[in-house]
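Below is one structure; the comments refer to it alone.
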Number of protein chains: 2
Amino acid sequence: MPPNRPRTIKDVAAWAQVSTATVSRVINHAGNVRPHTADRVANALEALGYVPNAWARAMATDGSDLVGLIVPDILNPFFAAIYSGLNETAKSRGLAVWMVDSGDNSEQERQMLHMLGGYRARGIAITPAHPAANLRAIERIGVPICLVDRRLAKNLWDMVLIDNVTGSRQVAQIFVAAGHQRIAIIAGPQNSTPGLERLSGFRDALEKEGLSMPPEYIKIGDFRLNSGYALGQELLALDRPPTAIFSCNNLMTMGLLQAIHAHPAHSLGKTVAVVGFDDIPISTLTDPPLTVVSRPMREMGVQAARLIMARMESPAKPLETVVLGPQLIIRGSEKNPGLLRWI
Amino acid sequence: MPPNRPRTIKDVAAWAQVSTATVSRVINHAGNVRPHTADRVANALEALGYVPNAWARAMATDGSDLVGLIVPDILNPFFAAIYSGLNETAKSRGLAVWMVDSGDNSEQERQMLHMLGGYRARGIAITPAHPAANLRAIERIGVPICLVDRRLAKNLWDMVLIDNVTGSRQVAQIFVAAGHQRIAIIAGPQNSTPGLERLSGFRDALEKEGLSMPPEYIKIGDFRLNSGYALGQELLALDRPPTAIFSCNNLMTMGLLQAIHAHPAHSLGKTVAVVGFDDIPISTLTDPPLTVVSRPMREMGVQAARLIMARMESPAKPLETVVLGPQLIIRGSEKNPGLLRWI
DNA sequence: TTGAGGGATGTAAACGCTGACATTGAGGTG
DNA sequence: CACCTCAATGTCAGCGTTTACATCCCTCAA
């Protein structure tokens, strides 16, 4: 078994027969160490397998190199992509990113906020679970916070958002252009920004085109696969099922496709058109391939990192909101080949 | 703006007019504090929004509550699932899990190992990038290490593995049972356990059935989507293409499906059968649905947590290896409806 | 009345590191 | 040869906690 106690700077100093200060200087490449001495210390470091204690260093210098990322669902590749952008940018400035999962649940979010606060993270990027209360509490420990993808009632933090309204409007427009009349939506929770904005943006755009959705065509899901499946089934089981469905996030789209697939009388592109919010890996594999509104996910992470680092430098600078545009990727599943059958 | 300096136990002590020791006792529910005093402290904690500094606490108690998880690709849902199991188990014992990405790259793995070592993680679960050298270095800081999903040359650590050989053999057997003669494989890198074992297990099983794969039917990929796509194209473009393909991980299977989809003369289940290692979200959506070998991913995380915590308690206990069985899920894509056409 | 016992609280050292300051000594200048 | 300079190195306080130990004081029994 290896030595149980991690080596300390004192062990190294003793080995090299110098003071701890000299070791510290060598480690941190602070000047004024004779090459001969530096060599001896380097040998000691190597021989003992010394790894500096990051906490102790942070305590002494009053600053960790930790940035937190709190996401509602760590299994959702969408958030993993945000992590990826955030991490890359942070890393280039010597910061490390710790991603944790709130389960989209207020209590767990509070725990995670406290945990990261306790570790004295230098900043926190968060896609908040619904209520705002948690952030007010953690805000007092003085950590820069950046909201990602979701607004909160009070406009108190930097934000990186997606222009959901524009994205949804584009979907409405191509449905209309394809000749659809019976258009439905599987929306997200109405207490979150994306859920709200995608529904209202879609509905408003349809109304501008002179169309309206009857209540039974408006389904409110929870952004998870199962709800896409269940609500998809409900829509398909209607006496007059829609010919086009807008699914408001990746997982629900997967569920919806599954529901269509499982239904004896329906098939994608034949009886029902689908457009999804968020691109998904299988979008090119379905038949017809899936038309989607794609979000620049990595870029959201990059921007969040930028905002956090900027605020670390000037805590008092005015709040900043970055709104990124979604991209409509037309692949075919929005069309309505069965148009004539249904008129 | 909030107070810039996080509150310390001293601030609280001053506010409540007690000593820091008393505050500490209240926080940690160590007894012997008069209710009246405890109340006063509790008020101070609340009023100041105090969040204990986790580093300082770890330094004083010589023990963090941190466990590291190093994965080759944080975007791959497979590893996210491991995280999920690991995190849940660790959390129930008051440990926090920090997942980081090695990019399946030795140098970055080394950095991550050092980072977690620097933060004095109590244990590290890792799916190692290929060479073993890194671990020897970090081993010296005395952290329990548990390998997940991949062996290394030297058997020096606890491990959680999948029985790849059995999984692959089952695939070979159902291909043979379905009457396939021309069977190909898209395998993983041959310097990693899963890549190696899945190929050899598959080949050996076929040979026991009296079949052999010609070299052009054996493609070595890198476990990423693009290589599944490219190698799939190569297989389909052969003069005598295989009627059955075993794809050795989730991402390559996605790529393979894409290649089949894109090929004018081929289609899944009609001209070519596919079985994948690892279940994927779309497996029930393809036509026919995809037959796969599924791994108990969360359970791998749970076991890794168990091994790490056990070794934290008794560092000298004998090495332990847990081998979990994969599960064959037969959905239809292994069949060969085109059998007659090809004979 | 007094001293033992023990609950409540305070004091201070220790954890591993950094950095301001102090000390040492070699080399250069007059 | 005395003095100054400055590079090289050492000393020590402090970062925010916990915890062993010391102290205080109240209660109770003899």
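Throughout, protein chains are lettered first and strands after them, A, B, ... in sequence-line order, and every chain is numbered starting at 1.
- As a whole-Å value, the separation of M59(A) CE from dA13(D) P is 17 Å.
- Distances shown here put a side-chain N or O of Y50(B) below 4.0 Å from the OP1 or OP2 atom of dT17(D).
- Within the 4.0 Å cut-off from OP1 or OP2 of dA8(D), at least one side-chain nitrogen or oxygen of N32(A) is found.
- Both V33(B) and A56(B) lie close to DNA chain C; mapped to their nearest nucleotides by heavy-atom distance, the more 5′-ward contact belongs to V33(B).
- The distance between atom CZ of R34(A) and atom C1' of dT9(D), rounded to the nearest whole Å, is 9 Å.
- Checked by atom type and distance alone, the side chain of S64(B) pairs as donor or acceptor with a backbone atom of R120(B) at under 3.5 Å.
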Between W157(A) and L152(A), does the side-chain contact (heavy atoms from CB on, under 4.5 Å) criterion hold? Intermediate values first, please. CA-CA 9 Å; W157(A) 298 278; L152(A) 288 176; 4.0 Å; yes
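- Between dC15(C), dT19(D), dC15(D), one nucleotide has an atom nearer to the side chain of A60(A) than all others, and that is dC15(D).
- When the nucleotides dG19(C), dC17(C), dC15(D) are ranked by their closest atom to the side chain of P52(A), dC17(C) comes out on top.
- Taking only side-chain atoms of A21(A), from C-beta outward, the nucleotide of dG19(C), dC17(C), dT9(D) with the closest atom is dG19(C).
- The side chain of N28(A) sits closest to dT18(C) out of dT9(C), dT9(D), dT18(C).
- Side-chain proximity of I9(B) to dT18(D), dT18(C), dT9(D): nearest is dT18(D).
- Not one side-chain nitrogen or oxygen of T20(B) sits closer than 4.0 Å to the OP1 or OP2 atom of dG10(C).
- Here the P atom of nucleotide dG10(D) and the CD atom of Q17(A) are 10 Å apart, to the nearest Å.
- For S19(B), the side-chain atoms get nearest to dT11(C) when compared with the rest of dT11(C), dT18(D), dT9(D).
- In this entry the distance linking CZ of R57(A) with C1' of dG19(C) reads 13 Å, nearest Å.
- Backbone-only engagement by N53(B) is indicated by non-hydrogen atom pairs under 4.0 Å involving sugar-phosphate atoms exclusively.
- Atom CD of E107(A) sits in a crowded spot, with more than 12 heavy atoms from other residues, nucleotides or ligands closer than 6.0 Å.
- Rounded to whole Å, the distance from CZ on R7(A) to P on dC15(C) is 16 Å.
- In this structure, R25(A) atom CZ and dA7(D) atom P are separated by 13 Å, rounded to whole Å.
- Annotation for R224(A): atom CZ does not count as buried by contact number, only 12 or fewer foreign heavy atoms lying within 6.0 Å.
- Between Y119(B) and W98(B), the angle of the ring planes lies from 30° to 60°, which puts this pair in the tilted group.
- The separation between W55(B) atom CH2 and dG16(D) atom P is 11 Å, rounded to whole Å.
- Residue-level contact check: T22(B) touches the backbone only, with heavy atoms under 4.0 Å from sugar-phosphate atoms and none from bases.
- The CD1 atom of I27(B) sits 7 Å away from the P atom of dT17(D) (whole-angstrom rounding).
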